[in-house]
S.K.: 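Sending over a structure as structure tokens; questions will come in a sec.
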Amino acid sequence: MVGASLQKCLFPVAGLGTRFLPATKDIPKEMLPLLDRPIIHYGVDEAVTSGCRDIVFVTGRSKRSIEDYFDRSLELEHLLERRGQKEVRDDLVRISEMANFAYVRQSEPLGLGHAVLCGEPCVNDSYFGLILPDDVILAEKPVLGQLAEVHAALGGSVLALEKVPWEETSRYGIIEGSECADGIFRISNLVEKPASGEAPSRYAIIGRYLLSPTVFRHLRSAKAGVGGEIQLTDALRELLAEEPVFGLLYKGERLDCGTKKGWLKATVTMALRDPELKDFVMDIVRKEGSDGEGD
Ligand code: G1P
């Protein structure tokens, strides 16, 4: 069963995070906190609970803090030990033990397809997961694991899909295909960021992929597409002619942390679902919301 052997997951994290400037002038956007953990932690957690043991970050300049986060911090551990905070120390150590971590550099911002190609030396010849960590997805079963189940049953590559409003198709890769089982599509075409009038459907690719290593050959020969970038979607369209590509309407709730408003909504949503924080947040909202009323 191929699903059981999904070992590796790529995380493209070289982007500059300009939407969050100046906060991201000196820290990666992936390290912005969502409650008590950086955003990237949630994606890695999803990969690990989906069975991945090897996490490959495709990284860039000024992303050192991601490496440090997933490494041991002996100085801090010793300090916590001396202070008798053993539980906190153990929690920190567990982060570095979540998986094997490797890093490759994407030296130029040439697009998602190029970032994935940079990860090839760490993936070799096996199917691999790809997570775009801006989207944190709350789900009973991790989304990458849901894709692995489809792969185990049908083979081929599998992309996570969501039905989006027509006016939003230009923000996503959009598929064309036929539903071959409940919520599963056999994809016949893909278009990157089509205008709503030109989109072949409303089924958008969300940042979770389980990919065949054959995609690397198509990425190597890919020409710049939308936005002048090497697009993963274009390489997947080439892959279709050779191997099956499926789409799964995943079960879960997506929190888009890639914009200020999305990140704020994600923070409030997560806080409201935390029994220890819910009342605290509600009190602030009630108080701040009523301040100025009647002015
Ligand atoms: C990328 C992909 C796009 C996909 C999207 C999901 O676009 O190119 O096909 O729908 O991620 O988040 P980006 O958001 O990097 O522009």
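Predicted, not measured: the structure shown is a model, and the values here were computed from it. Read the numbers this way: they start at 1 and go in the same order the structure lists the ligands and their atoms.
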S.K.: In the protein, which heavy atom is nearest to atom 16 (O) of ligand 1, and how far is it?
M.R.: K193 NZ, 2.7 Å
S.K.: Ignoring angles and geometry beyond distance, decide whether G173 reaches within less than 3.5 Å of ligand 1 through its nitrogen or oxygen atoms.
M.R.: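 For ligand 1, there is an N or O atom that lies under 3.5 Å from one belonging to G173.
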S.K.: Going by heavy-atom distance to atom 4 (C) of ligand 1, choose the closest among I205, L232, V191.
M.R.: I205
S.K.: Given the protein's heavy atoms, is any one of them under 4.0 Å from atom 14 (O) of ligand 1?
M.R.: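 False for atom 14 (O) of ligand 1.
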S.K.: Charged N to carboxylate O below 4.0 Å: is that the case for D134 and K29?
M.R.: yes
S.K.: Which of the atoms of ligand 1 are close to Q231, meaning less than 4.0 Å from one of its heavy atoms?
M.R.: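 Taking each heavy atom of Q231 in turn, ligand 1 has 8 (O) under 4.0 Å.
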S.K.: Which of the numbered atoms in ligand 1 are under 4.0 angstrom from any heavy atom belonging to T233?
M.R.: 9 (O)
S.K.: Considering heavy atoms of the protein only, find what lies nearest to atom 11 (O) of ligand 1 and give residue, atom and distance to 0.1 Å.
M.R.: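 For atom 11 (O) of ligand 1, the nearest protein heavy atom is L132 CD1, 3.4 Å.
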S.K.: Which of these, R61, K63, H114, sits in a side chain to side chain donor-acceptor pair (under 3.5 Å) with Q106?
M.R.: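 With Q106 as partner, R61, K63, H114 yield a single side chain to side chain donor-acceptor pair (under 3.5 Å), made by H114.
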S.K.: Apply side-chain contact (heavy atoms from CB on, under 4.5 Å) to L144 and C9, showing your working.
M.R.: CA-CA 9 Å; L144 193 59; C9 189; 4.0 Å; yes
S.K.: Does a sphere of radius 6.0 Å around CZ in R220 hold more than 12 heavy atoms from other residues, nucleotides or ligands, not counting ones at 6.0 Å or beyond?
M.R.: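 Atom CZ in R220 is packed in, count exceeds 12.
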S.K.: What pairs of donor and acceptor atoms, side-chain ones from residues 243-259 against any protein atom, are under 3.5 angstrom apart with sequence neighbours left out?
M.R.:
unit_1, atom_1, unit_2, atom_2, d
E243, OE1, S212, OG, 2.8
E243, OE2, T214, OG1, 2.5
Y250, OH, E162, OE1, 2.4
E253, OE1, R273, NH1, 2.7
E253, OE1, R273, NH2, 3.2
E253, OE2, R273, NH2, 3.1
R254, NE, E162, OE1, 2.9
R254, NH1, D135, OD1, 3.4
R254, NH1, D135, OD2, 3.4
R254, NH2, E162, OE2, 3.1
R254, NH2, Y172, OH, 3.0
D256, OD1, G258, N, 2.8
T259, OG1, G262, N, 3.0

S.K.: At less than 4.0 angstrom from any non-hydrogen atom of E192, what atoms of ligand 1 do you find?
M.R.: 2 (C), 3 (C), 7 (O), 8 (O), 9 (O)
S.K.: When you group the ILVMFWY residues by side-chain heavy-atom contacts below 4.5 Å and let the links chain together, are L240 and V116 in the same group?
M.R.: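 Both belong to a single hydrophobic cluster.
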S.K.: Counting non-hydrogen protein atoms only, what is the nearest one to atom 1 (C) of ligand 1? Give residue, atom name and distance.
M.R.: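 Heavy-atom neighbour on the protein nearest atom 1 (C) of ligand 1: L112 CD2, 3.9 Å.
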S.K.: Tell me whether F216 is reachable from L132 by hopping between hydrophobic residues (I, L, V, M, F, W, Y) whose side-chain heavy atoms are closer than 4.5 Å.
M.R.: yes
